Protein chains: 2
Amino acid sequence: MATAVAEEIKPNSTKEKILTAAIELMAEGGYTGASMRKIARKVGIRESAIYNHFRNKDEIFQTIMKNLFSNPFEDFFIKRPIEQYAIKGKAYLLEYAATIKLLTFDSKNEKFFRIILAELMHNQQVRELFMQYFYQENIKKLSNAFFIMMQHNLIRSADPILMAQEFFAPLFYYRLQVLLMHIDNKPTTALSTIFEKHVDFFWESVATQESF
Amino acid sequence: MATAVAEEIKPNSTKEKILTAAIELMAEGGYTGASMRKIARKVGIRESAIYNHFRNKDEIFQTIMKNLFSNPFEDFFIKRPIEQYAIKGKAYLLEYAATIKLLTFDSKNEKFFRIILAELMHNQQVRELFMQYFYQENIKKLSNAFFIMMQHNLIRSADPILMAQEFFAPLFYYRLQVLLMHIDNKPTTALSTIFEKHVDFFWESVATQESF
DNA sequence: GTCTATAGCCAGATAGAC
DNA sequence: GTCTATCTGGCTATAGAC
């Protein structure tokens with residue numbers, strides 16, 4: 001399973017430095033906040049030199065999107081067959097939440113999330129990637145898992161898709177909260193265990209008598 | 001209870017037209033997307049004429065923020081004493097969700113929500129307003145209500161604040177989804193009853209045997 | 001209150017020498 | 001591949017006539 005075309009970029013090359021600088025600047029100020037001037041200054045070259053590596057600013061953005069979207073979830077659960085793990089019930093959900101928590105507190109993934117949110121209202125392509133990765137992918141996986149749990153009578157019967165959304169929405173909400181706190185350098189101690197608490201609460205909400 | 005200082009602006013005045021145009025443009029392109037040029041063209045005056053009504057662009061933005069934040073929730077539930085209604089249990093939650101649904105599908109409030117989200121990553125003041133209105137206010141009201149419901153044994157015992165967040169997060173998530181669909185002119189039929197379904201699911205999750 | 005005119009800045013991008 | 005120099009255009013804002 002080749003990870004969706006992630007471009008080959010030599011480490012320590014100027015091209016890579018440009019991308020790193022652009023990611024940093026876009027995380028802070030979005031697409032328009034990362035001007036070619038600023039990127040060039042951060043890399044230590046002139047603006048015109050950038051054009052030896054990228055046709056224009058948009059190509060930089062496209063490359064970043066491609067690379068950022070290639071890793072994050074793939075490594076964690078896409079590969080493994082869900083069926084085997086869904087029957088573990090709460091343990092599966094705990095692992096799921098732990099993964100999101102990991103992404104939430106990982107600095108590279110935080111930058112990624114921040115760029116996405118900064119451009120969400122400005123760029124249709126970003127919206128589509130957002131819907132795909134922060135909605136469809138997760139809901140598909142989770143609803144499958146819930147369906148299996150229902151079959152094994154681990155949880156009460158309900159619409160699996162609704163249940164998936166109800167489980168996922170708070171995770172997204174907490175992730176956003178953490179991001180907002182980080183941006184303003186506020187402490188996130190109050191949120192440090194919220195992901196686990198969410199799973200506890202949710203499991204109490206859906207578990208059958210037998211499995212509880 | 002005077003509604004937080006909402007400025008007096010004469011209807012049909014040039015000042016009001018400027019604000020209307022600015023809201024429209026900022027909903028589409030955020031703060032930077034709404035240039036003084038575009039605002040002036042939309043109103044039908046020259047850029048320089050705007051400065052007879054506002055000191056600078058930021059003052060326009062501030063005025064918009066003040067006015068937008070003055071109405072939305074205030075009218076709905078801030079005024080009424082929660083205690084009397086919380087004991088209605090599910091009916092209270094249904095009304096709460098219905099209110100959010102109303103705001104979600106109301107075009108003025110949608111623009112407001114869109115501007116907030118567009119500037120969320122760029123502007124600390126917006127982040128604080130966001131946290132206040134889309135988090136603290138709602139969580140405070142809801143956790144109070146849940147506390148009362150617990151006292152009346154309508155719902156199972158749990159941390160009221162956690163429960164409030166778990167109830168609110170999906171509402172926020174669904175509102176965001178609707179917004180994203182609207183921006184790209186996609187149908188929201190699949191989401192038309194999701195707010196009610198959320199309440200159903202949630203109530204089944206927390207209701208005690210007696211109250212169910 | 002609105003206009004014309006203009007200042008000053010920063011943006012993205014290109015040409016051509018080295 | 002990097003540089004200097006330059007172009008074009010959008011931006012916020014001000015001065016001063018009407």
Side-chain angles (χ1 to χ4, degrees), chain A residues 7-67 114-115 118-119 121-126, chain B residues 7-66 115 118-119 121-126:
Chain A
E7 234 167 276
E8 213 55 55
I9 290 153
K10 284 173 197 151
N12 240 320
S13 63
T14 303
K15 187 160 187 169
E16 197 235 359
K17 282 178 196 156
I18 292 169
L19 287 173
T20 307
I23 289 172
E24 204 73 36
L25 290 165
M26 283 184 187
E28 277 171 31
Y31 184 87
T32 51
S35 68
M36 299 298 260
R37 290 211 203 308
K38 284 185 194 165
I39 295 171
R41 202 179 315 136
K42 194 151 196 162
V43 174
I45 56 175
R46 301 285 148 165
E47 298 154 61
S48 54
I50 296 178
Y51 292 89
N52 287 314
H53 305 278
F54 298 93
R55 242 202 307 273
N56 52 36
K57 189 179 171 181
D58 202 60
E59 197 175 274
I60 297 178
F61 184 67
Q62 296 300 333
T63 309
I64 290 173
M65 285 294 103
K66 254 187 227 154
N67 285 28
R114 201 167 157 178
I115 294 175
E119 291 309 308
M121 297 292 124
H122 304 307
N123 187 318
Q124 176 166 13
Q125 187 195 356
V126 170
Chain B
E7 232 167 277
E8 213 55 57
I9 291 153
K10 284 172 198 151
N12 241 320
S13 63
T14 303
K15 186 160 187 168
E16 197 234 358
K17 282 179 195 155
I18 292 169
L19 288 173
T20 307
I23 288 171
E24 204 74 36
L25 289 165
M26 283 183 186
E28 277 169 31
Y31 185 87
T32 52
S35 68
M36 300 297 259
R37 289 208 202 311
K38 284 185 193 166
I39 295 171
R41 204 179 313 136
K42 194 152 197 163
V43 174
I45 56 176
R46 302 284 148 165
E47 298 154 62
S48 54
I50 296 178
Y51 292 88
N52 287 315
H53 305 278
F54 298 94
R55 241 201 307 273
N56 52 35
K57 188 179 171 182
D58 203 61
E59 196 175 276
I60 297 178
F61 184 68
Q62 295 300 333
T63 309
I64 290 173
M65 286 294 104
K66 252 186 229 155
I115 294 174
E119 290 310 306
M121 296 292 125
H122 304 307
N123 187 319
Q124 177 166 13
Q125 187 197 355
V126 169

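Letters A, B, ... mirror the listed sequences (proteins, then strands); counts begin at 1. These figures come from a predicted structure and were not determined experimentally.
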Legend entry - Partners meeting side chain to side chain donor-acceptor pair (under 3.5 Å) with N12(A) (sequence neighbours left out): none
Inset, instruction - Identify, residue by residue, the members of residues 26-38 of chain A with a heavy atom below 4.0 Å from DNA chain C, and return them in order of residue number, or none. - result: S35(A), M36(A), R37(A)
Legend entry - Integer-rounded Å distance: dG1(C) C1' and I50(B) CD1: 13 Å
Inset, instruction - Take atom OH of Y51(B) and atom P of dT12(D), then tell me their distance rounded to the nearest Å. - result: 6 Å
Legend entry - Non-neighbouring partners of R37(A) that pass side chain to side chain donor-acceptor pair (under 3.5 Å), sequence neighbours left out: E47(A)
Inset, instruction - Rounded to the nearest angstrom, tell me the gap between atom NZ in K57(B) and atom P in dA13(D). - result: 8 Å
Legend entry - Nearest-Å distance for atom pair CD1/P, residues I18(B) and dA13(D): 13 Å
Quick one: side chains of residues 25-35 of chain A, donor-acceptor pairs under 3.5 Å with protein atoms, not counting sequence neighbours, listed by atom name and distance.
| unit_1 | atom_1 | unit_2 | atom_2 | d |
| --- | --- | --- | --- | --- |
| Y31(A) | OH | D58(A) | N | 3.4 |
| S35(A) | OG | K38(A) | N | 3.2 |

Inset, instruction - Round to the nearest Å and state the distance from E59(A) atom CD to dG12(C) atom C1'. - result: 14 Å
Inset, instruction - Would you please name every residue forming a salt bridge (charged side-chain N to carboxylate O under 4.0 Å, His left out) with E16(B), sequence neighbours left out? - result: none
Legend entry - Qualifying residues under side chain to side chain donor-acceptor pair (under 3.5 Å), relative to E59(A), sequence neighbours excluded: R55(A)
Legend entry - Rounded distance in Å - CZ (F54(B)) to C1' (dA13(D)): 16 Å
Legend entry - Integer-rounded Å distance: dT4(D) P and E47(A) CD: 11 Å
Inset, instruction - Take atom CZ of R46(A) and atom C1' of dA13(C), then tell me their distance rounded to the nearest Å. - result: 16 Å
Inset, instruction - Test E119(A) against Q125(A) for side chain to side chain donor-acceptor pair (under 3.5 Å), laying out the working first. - result: CA-CA 9 Å; E119(A) 291 309 308; Q125(A) 187 195 356; over 6 Å; no
